Enquirer: 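Right, I'll just put the structure down here and ask away after.
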Amino acid sequence: MRFDLKRSLFLSLAALGFIAAAGTVNAQNASAKTYAHVVSNEKMAMAPQNRNVNFTGTNALYTKAGTLKGARVVASKATLSSIANSNVSTNNVRAYRIAVTNRGSIYYKVVTFNGQYRGWIYGGKDDSDFAGGITHYTTFNNQSLSSLTTAQQNATYKIANPGTANDGKTVTYKSPAWTQYKVGRAITDSTPYANSVFKIDQVGT
């Protein structure tokens, strides 16, 4: 009788141990995070000037697509919102790669014109237009010469402070300064042009 009791207790404890172990495994499986994976990652084919974007502040910037294992935050939503509202042209942003995950999410790799921030940001589910954490942005708006006074249109000009400073006022640029990514100066030293006379033939903001 005593033997049966011990055997019964042993079996009960063994059963409890099995249930506890099974419960632990199930808990681990339930808590294990499933990560997305990238199914395509390509260089963007659209014209560079059409890939100028601005942050919306709704998504953070990551070292890789945010839902991938090991993705780390490069810049928070608050930081990107601050950049989006900046009036400094060096904070303009260019998108240059597009990736799609197995969940159908689109991520864009972007960089600020000054190179301070670079990473991947969520871009919605449709690659026909920018969405999610970025939106299309026009860095320069051409204006008609008629926006100038007649005197300004007819006047001639000289470079005020000839030299080498890359400050938007000393040398000339292939495009207005910081409106296109890595499109820089037309001349790096305006000293030889100190006495040259110029006229305005285009204007914009």
Side-chain angles (χ1 to χ4, degrees), residues 20-142 166 168 173-185 204-205:
T24 301
V25 171
N26 289 336
Q28 289 175 343
N29 289 338
S31 62
K33 186 174 181 179
T34 56
Y35 294 95
H37 62 269
V38 171
V39 295
S40 69
N41 183 341
E42 301 175 346
K43 181 179 178 181
M44 296 183 72
M46 61 196 304
Q49 64 270 21
N50 295 331
R51 292 186 275 110
N52 292 331
V53 296
N54 196 12
F55 297 119
T56 63
T58 59
N59 298 87
L61 189 67
Y62 291 88
T63 53
K64 58 178 78 174
T67 52
L68 299 184
K69 186 176 182 179
R72 301 187 310 276
V73 174
V74 173
S76 67
K77 291 188 286 185
T79 297
L80 298 188
S81 181
S82 177
I83 293 172
N85 293 315
S86 167
N87 61 359
V88 180
S89 295
T90 53
N91 283 331
N92 285 332
V93 186
R94 171 67 58 82
Y96 62 99
R97 293 194 72 86
I98 180 172
V100 182
T101 72
N102 60 311
R103 298 173 182 173
S105 296
I106 294 170
Y107 285 83
Y108 293 99
K109 193 167 190 181
V110 301
V111 60
T112 52
F113 281 20
N114 60 10
Q116 184 175 2
Y117 295 99
R118 184 188 300 270
W120 291 89
I121 193 164
Y122 177 67
K125 296 278 189 178
D126 184 355
D127 64 359
S128 64
D129 198 7
F130 296 115
I134 56 175
T135 185
H136 182 264
Y137 187 72
T138 301
T139 59
F140 184 75
N141 290 298
N142 282 293
N166 185 15
Y173 299 80
K174 297 174 185 177
S175 292
W178 299 104
T179 60
Q180 297 299 330
Y181 184 58
K182 288 190 173 181
V183 176
R185 289 167 281 184
T205 57

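Note that the structure is a prediction, hence the values are computed from the model and not measured.
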Enquirer: Quick one, Tyr96 and Lys109 - any side-chain contact, counting heavy atoms below 4.5 Å?
Expert: yes

Enquirer: Between the side chain of Tyr117 and the main-chain N/O of Val74, is any donor-acceptor distance below 3.5 Å?
Expert: no

Enquirer: Would you check if the side chain of Arg94 reaches a backbone N or O of Phe113 as a donor-acceptor pair within less than 3.5 Å?
Expert: no

Enquirer: Taking all non-hydrogen atoms of both residues, which atom of Val183 and which atom of Ser175 are closest, and how far apart?
Expert: CG1-OG, 3.7 Å

Enquirer: How long is the gap from CH2 on Trp120 to CZ on Arg97, to the nearest 0.5 Å?
Expert: 6.0 Å

Enquirer: If only atom types and distance count, is the side chain of Thr56 paired as donor or acceptor with the main-chain N or O of Ala131 below 3.5 Å?
Expert: no

Enquirer: For residues Thr101 and Thr67, report the shortest heavy-atom separation together with the two atoms involved.
Expert: CG2-OG1, 4.3 Å

Enquirer: So do the side chains of Tyr122 and Ile106 get within less than 4.5 Å of each other, counting heavy atoms only?
Expert: no

Enquirer: Starting at CG of Asn54, measure out to CG of Leu80 and round the result to the nearest 0.5 Å.
Expert: 9.5 Å

Enquirer: Nearest 0.5 angstrom please: Lys64 NZ to Arg72 CZ, how far?
Expert: 8.0 Å

Enquirer: Kindly compute the distance separating CD1 (Ile134) from CZ (Arg51), expressed to the nearest 0.5 Å.
Expert: 11.0 Å

Enquirer: For a quick test of reading the model, state the closest non-hydrogen atom pair linking Met46 to Asn50 and the distance between them.
Expert: CE-O, 3.5 Å

Enquirer: So Phe55 and Val110, do their side chains get closer than 4.5 Å, heavy atoms only?
Expert: yes

Enquirer: Begin from the C-alpha positions of Thr139 and Gln180 and carry the test side-chain contact (heavy atoms from CB on, under 4.5 Å) through to its verdict.
Expert: CA-CA 8 Å; Thr139 59; Gln180 297 299 330; 3.8 Å; yes

Enquirer: Say whether, by atom type as modelled, one donor and one acceptor occur between the side chain of Asn92 and the main chain of Thr179 under 3.5 angstrom.
Expert: no

Enquirer: Just so I know, are the side chains of Val53 and Tyr108 near enough to count as touching, which here means a heavy-atom distance under 4.5 Å?
Expert: no

Enquirer: More than 12 non-hydrogen atoms from neighbouring residues, nucleotides or ligands closer than 6.0 Å to NZ on Lys174, yes or no?
Expert: no

Enquirer: Are the side chains of Asp127 and Ile98 in contact, using a 4.5 Å heavy-atom criterion?
Expert: yes

Enquirer: What are the two closest heavy atoms between Ser86 and Asn91, and how far apart are they?
Expert: OG-ND2, 2.9 Å

Enquirer: Would you say that more than 12 heavy atoms from the other residues, nucleotides or ligands in this model lie under 6.0 Å from the CZ of Phe140, or not?
Expert: yes

Enquirer: How close do Ala71 and Gly66 get, heavy atom to heavy atom, and via which atoms?
Expert: CB-O, 3.9 Å

Enquirer: Might you point out which heavy atoms bring Ala95 and Phe130 nearest each other, and give the distance in Å?
Expert: CB-CE2, 4.2 Å

Enquirer: Can you tell me how far the CZ atom of Arg118 sits from the OG1 atom of Thr112, to the nearest 0.5 Å?
Expert: 8.0 Å

Enquirer: What I'd like to find out is whether the side chain of Tyr62 reaches to under 4.5 Å of the side chain of Val73, using heavy atoms alone.
Expert: yes

Enquirer: Let me confirm one number: the CG-OH distance from Leu68 to Tyr35, rounded to the nearest 0.5 Å.
Expert: 10.0 Å

Enquirer: If we only count heavy atoms from C-beta on, is the Pro48 to Tyr181 side-chain gap below 4.5 Å?
Expert: no

Enquirer: Do Val88 and Asn114 come within less than 4.5 Å of each other through their side chains, counting heavy atoms only?
Expert: no

